[in-house]
Amino acid sequence: MVKIFIGNLSPEADKDEVEALFTQYGTVTECAKYKNYAFVHMEDRKAANKAIAELDKYKLNGRPINVEPSRGKNQGPVKLHIANVERGFEKELRELFKEYGTVTECSIVKDFAFVHMSNSDEAMDAIQGLDNTEFQGKRIHVQISKSRPRGGYEEMGDYPPPPQRGGYYPPRYPGDRPEPPYRGRMPAYPPPPPSPPPPRRSFKCKENFRHCNNNKKCV
């Protein structure tokens, strides 16, 4: 389901005229007219995109109308990862995904590509329509990219870069955060054990120790 905004309508334009314009491109499930604008709901996204492209600036009752996708709240760009793509087909790949919505960026890197679409609804339609299909003689696989769209940590995966100086910057784990590594200065080798005490010599004095004044050598 795709919701389309139609602006700059003349007061003379009625609901039936607006609906008739879009019916020639596909099934219209709902149409509502308010003063100088209207909303049309179409069943198929490809048909809706074609209607938007061809009816924007179309003159209805002598006034050029503005036709564009309706922008819902919390709609942000979505980055798709396309596997098994050869270089040199950026234009063809962009045109392929434009059938499902607005493509803001398309780039092929090695044997895979990234396509940025304007919102999640269009991205999900592209995944459903293009995943496991053939493109330029190869079967491609389309999924949501793990890296963020432009404006986040570009091409860095799910983890932010480490800090520039000092400190410990743990990655974001789904569970409990692990203990940080040892912070102090650890020597390269452990210290040697203490030296053992010298052995005690046993002796026997032939004389009484207290009255031994002749400096006899004890043995």
Side-chain angles (χ1 to χ4, degrees), residues 1-8 21-30 38-58 64-161 171-172 174:
M1 187 71 64
V2 183
K3 186 177 182 181
I4 302 172
F5 171 81
I6 304 96
N8 199 35
L21 280 178
F22 289 86
T23 303
Q24 57 184 331
Y25 294 94
T27 303
V28 175
T29 58
E30 186 179 347
F39 290 103
V40 169
H41 295 253
M42 297 192 71
E43 193 173 66
D44 183 68
R45 185 168 295 278
K46 285 186 179 181
N49 290 333
K50 187 176 181 182
I52 292 171
E54 296 186 6
L55 293 179
D56 187 38
K57 307 306 178 185
Y58 174 84
I65 60 176
N66 300 321
V67 183
E68 60 184 33
S70 178
R71 306 295 179 186
K73 294 181 179 179
N74 301 323
Q75 288 281 0
V78 178
K79 186 176 182 180
L80 299 178
H81 177 275
I82 302 93
N84 202 26
V85 180
E86 289 187 358
R87 287 184 175 181
F89 296 104
E90 284 87 353
K91 182 179 179 181
E92 291 82 358
L93 188 65
R94 178 186 287 269
E95 291 299 322
L96 181 65
F97 278 83
K98 280 177 66 176
E99 296 180 5
Y100 295 89
T102 303
V103 176
T104 58
E105 186 177 347
C106 175
S107 60
I108 299 178
V109 185
K110 294 183 179 179
D111 58 348
F112 60 91
F114 291 110
V115 171
H116 297 246
M117 305 199 71
S118 60
N119 59 68
S120 59
D121 292 337
E122 295 175 354
M124 293 308 297
D125 285 346
I127 291 175
Q128 294 176 5
L130 297 177
D131 183 40
N132 203 30
T133 60
E134 285 196 4
F135 173 72
Q136 299 298 326
K138 288 190 173 183
R139 189 165 294 275
I140 61 175
H141 302 281
V142 185
Q143 62 182 355
I144 300 292
S145 174
K146 292 181 180 180
S147 57
R148 292 172 174 79
R150 293 291 183 187
Y153 297 106
E154 184 63 21
E155 312 299 339
M156 289 298 292
D158 290 332
Y159 303 112
R172 295 177 298 163

Participant: Is Val78 close to Ile144 at the side-chain level, that is, under 4.5 Å between some pair of heavy atoms?
Facilitator: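 Yes - at least one pair of side-chain heavy atoms lies under 4.5 Å apart.
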Participant: Please identify each residue that fulfils side-chain contact (heavy atoms from CB on, under 4.5 Å) with Glu99, with sequence neighbours left out.
Facilitator: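 Expected list: Lys46.
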Participant: Cut-off 3.5 Å, no hydrogens considered: what does the side-chain donor-acceptor table look like for residues 82-93, sequence neighbours left out?
Facilitator:
residue: Asn84; atom: ND2; partner: Arg139; partner atom: O; Å: 2.9
residue: Glu86; atom: OE2; partner: Lys138; partner atom: NZ; Å: 3.1

Participant: State, to 0.1 Å, how close Val67 and Asp56 come at their nearest heavy-atom pair, and which atoms those are.
Facilitator: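 So the two residues come closest at N-OD1, 2.9 Å.
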Participant: What heavy-atom pair brings Ile65 and Ile6 nearest, and what distance separates the two atoms?
Facilitator: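 Shortest heavy-atom contact: CD1-CG2, 4.1 Å.
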Participant: Quick check: closest heavy atoms across Arg94 and Cys106, and the distance to 0.1 Å?
Facilitator: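 So the two residues come closest at NH2-N, 3.5 Å.
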Participant: With sequence neighbours left out, write down each residue that passes side chain to side chain donor-acceptor pair (under 3.5 Å) with Asn49, or none if nothing qualifies.
Facilitator: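 Asn49 satisfies side chain to side chain donor-acceptor pair (under 3.5 Å) with no residue once adjacent residues are dropped.
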Participant: How would you list, by chain and number, every residue that makes a ring-ring contact (aromatic ring centres under 6.0 Å, His included) with His81, sequence neighbours excluded?
Facilitator: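 Partners of His81 under the ring-ring contact (aromatic ring centres under 6.0 Å, His included) test: Phe112, Phe114.
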Participant: Applying side chain to side chain donor-acceptor pair (under 3.5 Å), can you list everything that pairs with Lys57, at least two apart in sequence or on another chain?
Facilitator: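 With sequence neighbours excluded, Lys57 shows a side chain to side chain donor-acceptor pair (under 3.5 Å) to Asn66, given in chain and number order.
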Participant: How far does NE2 of His41 sit from CD1 of Ile4, to the nearest 0.5 angstrom?
Facilitator: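 Rounded to the nearest 0.5 Å, the NE2-CD1 separation comes to 9.5 Å.
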Participant: I need the Ile127 CD1 to Leu80 CG distance, nearest 0.5 Å.
Facilitator: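 Going from the CD1 atom of Ile127 to the CG atom of Leu80 covers 5.0 Å.
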Participant: Quick check: closest heavy atoms across Thr104 and Met117, and the distance to 0.1 Å?
Facilitator: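 Where Thr104 meets Met117 most closely, the heavy atoms are OG1-N, 4.5 Å.
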Participant: How far apart are the closest heavy atoms of Asn119 and Glu122, and which atoms are they?
Facilitator: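 In this case the closest contact between Asn119 and Glu122 is OD1-N, 3.0 Å.
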Participant: Among residues at least two apart in sequence or on other chains, which ones pass side chain to side chain donor-acceptor pair (under 3.5 Å) with Glu54?
Facilitator: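 With neighbours one apart ignored, the set is Tyr25.
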Participant: When rounded to the nearest 0.5 angstrom, what is the spacing between CG in Leu130 and CZ in Phe97?
Facilitator: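 Leu130 atom CG to Phe97 atom CZ measures 5.0 Å (nearest 0.5 Å).
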Participant: How far apart are the closest heavy atoms of Ser70 and Phe39, and which atoms are they?
Facilitator: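 Heavy atoms of Ser70 and Phe39 come nearest at OG-CE2, 3.8 Å.
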